[in-house]
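Here's the structure, in structure tokens; my notes come after.
On a predicted model such as this, the values are computed, not experimentally measured, just so you know. Quick note on labels: first sequence line is chain A, next is B, and so on, each numbered from 1. Computed over heavy atoms, backbone and side chain alike; hydrogens, waters and symmetry mates excluded.
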Protein chains: 2
Amino acid sequence: MGTVSNVLNRPDQVSEQTRARVQAAIEILGYVRSESARQLRAGRSRMLGLLVTDTGNPFFAALARGTEEAAVRAGLGVMVCNSAESPSAEQAYLSLFAEQRMRGVLLAPVDSHGAPWHVLSRQNIPCVVVDRAVGEDEVCSVAADDVLGGLLAGRHLLKAGHRRIAYVRGPEQLRQVRDRRDGLLRAVREAGMSADTVVDVPVHRHDVRSGRDAGHRLIGLSPRPSAVFCANDLLALGIMQTVFDAGVRVPDDLAVIGYDDIEFAEACLIPLTSVRHPAAEIGRLAAELLLKELDPAPEGHRHESIVLQPELVVRRSTVPRA
Amino acid sequence: MGTVSNVLNRPDQVSEQTRARVQAAIEILGYVRSESARQLRAGRSRMLGLLVTDTGNPFFAALARGTEEAAVRAGLGVMVCNSAESPSAEQAYLSLFAEQRMRGVLLAPVDSHGAPWHVLSRQNIPCVVVDRAVGEDEVCSVAADDVLGGLLAGRHLLKAGHRRIAYVRGPEQLRQVRDRRDGLLRAVREAGMSADTVVDVPVHRHDVRSGRDAGHRLIGLSPRPSAVFCANDLLALGIMQTVFDAGVRVPDDLAVIGYDDIEFAEACLIPLTSVRHPAAEIGRLAAELLLKELDPAPEGHRHESIVLQPELVVRRSTVPRA
DNA sequence: CGCCGTTGATGAATCGTTTCATAAATAAGA
DNA sequence: TCTTATTTATGAAACGATTCATCAACGGCG
């Protein structure tokens with residue numbers, strides 16, 4: 001019935017009397033309107049999809065919070081999904097998003113090859129890439145300058161006098177892994193030192209367990225680096241734990257610097273120096289970019305790439321006590 | 001067209017030839033079926049709703065993973081939402097779930113009063129309460145035995161000779177906060193000691209920041225307790241950091257025991273003794289209970305309450321080095 | 001008294017999928 | 001060849017909210 005719809009969506013265009021009558025009926029019958037019917041009629045849902053590579057990582061949890069905040073402000077819901085770094089899971093979730101006719105999608109792609117968002121374009125679902133820089137040709141994106149982050153970390157360590165620095169990192173396919181190293185190497189060049197100042201320590205995943213592996217390998221290295229730069233805080237936590245256990249003092253024997261500045265970096269026993277990667281802000285800005293792309297002029301839209309500046313947060317893991 | 005539907009849902013009931021023809025058309029047109037139309041027809045969605053009180057807490061992240069796993073196995077999606085411990089947000093999300101005609105809902109209620117799931121019952125949406133024990137009258141539930149958890153923690157500390165134990169905890173409305181204390185007090189009675197062995201230290205929230213507050217207050221206490229039992233690991237992390245900073249040695253000067261056994265308890269510099277609260281398993285079992293309630297006999301269903309046993313995980317934060 | 005303008009209520013059509021009843025085509029048996 | 005049985009294809013109805021065109025009611029004014 002059309003009147004009911006008016007009562008719910010345009011209460012001012014309906015007379016006081018009928019409005020009351022309809023409201024009463026709604027109460028009595030326990031009526032709850034069907035979102036799927038609304039969606040079907042509208043042709044699109046009232047949700048944003050957010051697909052990240054690891055929901056367990058506090059970094060993405062923070063990003064999701066930022067997104068959600070912005071979305072709720074715009075009256076939209078968010079569905080957060082986990083591709084678990086699997087390209088096939090990523091594709092499956094994007095298809096799901098397409099079937100749900102999501103209003104828009106925020107995507108942290110698993111790898112930097114291909115354009116996984118093509119499934120979405122066919123349905124005219126706009127997509128914003130988060131936490132990865134991509135060209136402005138196809139989609140908007142919000143990322144942080146990882147080269148700068150690496151540079152900041154490198155300068156900090158070099159200024160403190162370190163001359164042998166380990167770089168602990170996950171799979172090289174991740175652009176971030178490469179960019180952060182590039183930044184570190186640039187700092188090394190700036191300081192007029194040779195590239196073999198940096199010791200590469202690859203691990204499989206960006207998690208604490210891999211950090212512990214790396215820790216054991218670090219202890220065995222000779223000469224042992226005096227500092228380690230980790231591509232992610234979880235790695236740094238694992239490393240600190242292992243080396244602390246082996247009696248290596250942080251920061252005196254080994255300075256440790258992480259990346260992302262997750263909550264637990266600050267909460268750590270020896271608070272971790274880290275490069276602050278503004279997770280919540282990335283999430284928020286990406287959602288806002290998406291909303292802008294949705295809202296008024298569907299045509300006159302130019303894709304944007306926002307790049308945020310990371311920030312060095314110095315804590316005790318790199319600063320010996322006075 | 002009915003045939004298309006058959007090709008997609010019952011491909012064996014359609015001839016080889018037409019199937020191929022339809023598939024080809026689907027390819028060419030880039031057809032993606034509309035989930036909202038399916039839902040409308042079916043009268044219910046193919047999703048489970050999961051509403052927790054803090055998506056940032058790794059405990060709930062783990063719980064969500066368990067739920068998701070079980071749901072995906074059953075061909076259902078999961079939408080995770082965050083009530084942020086606000087009863088009004090909780091009610092809003094439950095209404096949202098009702099409008100979406102969720103297949104079922106997993107709920108970690110904000111407080112133990114009332115029955116927030118009533119909005120769902122009216123739509124015949126089954127609800128399973130997670131991580132809180134409730135009677136079996138209205139809904140199923142999966143929780144852990146928090147009294148036992150407190151008991152285990154208490155016995156462990158008392159056996160180690162502690163005679164003055166702080167209990168750091170968030171709002172008392174949470175049943176868990178009460179239960180864990182009850183367990184602790186039972187251990188104290190068992191040991192034939194008086195109830196004022198336990199020093200109550202209330203804080204506002206179950207997070208690291210509140211833990212730091214508690215840490216400062218602990219240091220100021222006199223006589224200072226020799227051990228502290230925290231209602232949650234995040235509190236314990238905050239406490240350890242603060243007291244470590246102040247030169248109090250853990251575990252020698254102060255033994256610390258947490259609750260939940262989140263990933264970061266083990267990853268901590270001084271690994272944290274904790275009561276393992278089986279998050280992923282709670283999530284998984286709750287989802288399975290929900291699926292069972294959904295599946296075959298809608299009527300002959302009796303609500304169940306599963307109570308899991310927590311487990312003490314002893315690490316260095318309570319065991320002085322030999 | 002009748003005409004017109006305004007406001008508010010009504011009903012039909014629509015979105016895309018599924019289901020079910022029916023129709024057509026094919027195969028088998030008499 | 002004709003009937004019956006079986007497989008496969010077709011068409012219409014339904015789900016529930018929204019929209020839009022139409023219609024009724026009412027007050028003002030000539």
Side-chain angles (χ1 to χ4, degrees), chain A residues 1-47 49 75-77 95-104 119-120 122-125 294-295 298, chain B residues 1-47 49 75-77 95-104 119-120 122-125 294-295 298:
Chain A
M1 197 202 229
T3 307
V4 177
S5 178
N6 284 331
V7 172
L8 269 71
N9 303 314
R10 285 175 296 276
D12 45 317
Q13 301 201 8
V14 86
S15 78
E16 175 68 32
Q17 189 191 353
T18 17
R19 197 186 329 150
R21 211 149 43 88
V22 172
Q23 290 286 12
I26 286 179
E27 283 302 316
I28 293 167
L29 300 175
Y31 165 85
V32 173
R33 73 174 152 194
S34 155
E35 184 62 25
S36 44
R38 304 184 76 191
Q39 283 183 28
L40 175 58
R41 184 71 238 267
R44 56 193 187 159
S45 109
R46 304 168 51 73
M47 291 237 180
L76 300 175
S95 302
L96 183 73
F97 287 168
E99 290 190 354
Q100 307 258 20
R101 301 289 190 279
M102 289 291 185
R103 194 70 142 266
V119 212
L120 302 173
R122 303 201 57 140
Q123 303 298 314
N124 284 321
I125 299 175
L294 287 168
D295 248 15
Chain B
M1 197 204 231
T3 306
V4 176
S5 178
N6 285 330
V7 171
L8 268 69
N9 303 314
R10 286 175 297 276
D12 45 319
Q13 299 199 14
V14 85
S15 77
E16 174 68 30
Q17 190 190 353
T18 16
R19 198 187 327 153
R21 210 150 43 90
V22 172
Q23 289 286 13
I26 286 179
E27 284 301 318
I28 292 167
L29 300 176
Y31 165 85
V32 173
R33 74 173 152 195
S34 154
E35 184 63 25
S36 46
R38 304 184 76 189
Q39 283 182 29
L40 175 58
R41 184 71 238 268
R44 55 193 189 162
S45 107
R46 305 168 51 73
M47 291 235 183
L76 300 176
S95 302
L96 183 73
F97 287 168
E99 290 189 354
Q100 306 258 19
R101 301 291 191 277
M102 288 290 186
R103 193 71 142 266
V119 213
L120 302 173
R122 303 199 58 140
Q123 304 297 314
N124 283 321
I125 299 175
L294 287 168
D295 248 15

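Surrounding CZ of A:Arg44 are at most 12 heavy atoms belonging to other residues, nucleotides or ligands under 6.0 Å away.
Nearest-nucleotide positions on DNA chain D for A:Val4 and B:Ala42 put B:Ala42 closer to the 5' end.
In this structure, B:Arg10 places its CZ atom 16 Å from P of D:dT7, rounding to the nearest Å. Here D:dT18 presents its C1' atom at 13 Å from CD of A:Gln13, a figure rounded to the nearest Å. To the nearest angstrom, P of D:dA17 lies 11 Å from CG of A:Asn9. The nearest whole Å value for the distance from the CG atom in A:Asn6 to the P atom in D:dC20 is 11 Å. C:dT14 atom C1' lies 16 Å from atom CD of A:Gln39, rounded to whole Å. In this structure, B:Arg101 atom CZ and D:dA17 atom C1' are separated by 11 Å, rounded to whole Å. One atom, CG of A:Leu8, and another, C1' of D:dA17, lie 10 Å apart when rounded to the nearest Å. Atom-to-atom, CZ of B:Arg44 to P of D:dG16 comes out at 14 Å; the value is rounded to the nearest Å.
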Inset, instruction - Let me see the working for A:Leu8 and A:Arg33 under side-chain contact (heavy atoms from CB on, under 4.5 Å), right down to the final yes or no. - result: CA-CA 10 Å; A:Leu8 269 71; A:Arg33 73 174 152 194; 3.6 Å; yes

Legend entry - Test log, rule side-chain contact (heavy atoms from CB on, under 4.5 Å), inputs A:Arg46 and A:Arg38: CA-CA 9 Å; A:Arg46 304 168 51 73; A:Arg38 304 184 76 191; 4.1 Å; yes

Inset, instruction - Begin from the C-alpha positions of A:Gln100 and A:Ser45 and carry the test side-chain contact (heavy atoms from CB on, under 4.5 Å) through to its verdict. - result: CA-CA 7 Å; A:Gln100 307 258 20; A:Ser45 109; 5.5 Å; no

Inset, instruction - For the pair A:Val32 and B:Arg122, evaluate side-chain contact (heavy atoms from CB on, under 4.5 Å) and give the outcome as yes or no after the intermediate values. - result: CA-CA 9 Å; A:Val32 173; B:Arg122 303 199 58 140; over 6 Å; no

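For the residue pair A:Arg101 / A:Asn124, no side-chain donor-acceptor distance below 3.5 Å is found, with atom types taken as modelled.
The nucleotide whose nearest atom lies closest to any side-chain atom of A:Leu40 is, among C:dT18, C:dG16, C:dA9, C:dG16.
B:Ser15 comes within 4.0 angstrom of the backbone, heavy atoms only, and of no base.
For the contact set between residues 16-38 of chain A and DNA chain C, defined by any heavy atom under 4.0 Å, the members are A:Thr18.
A heavy-atom distance below 4.5 Å is not found between the side chains of A:Val4 and A:Gln23.
Between D:dT10 and B:Thr3, a contact under 4.0 Å exists linking OP1 or OP2 to a side-chain N or O.
Evaluation of atom-type donor-acceptor distances gives no pair under 3.5 Å for the side chain of B:Arg41 against the base of C:dT17.
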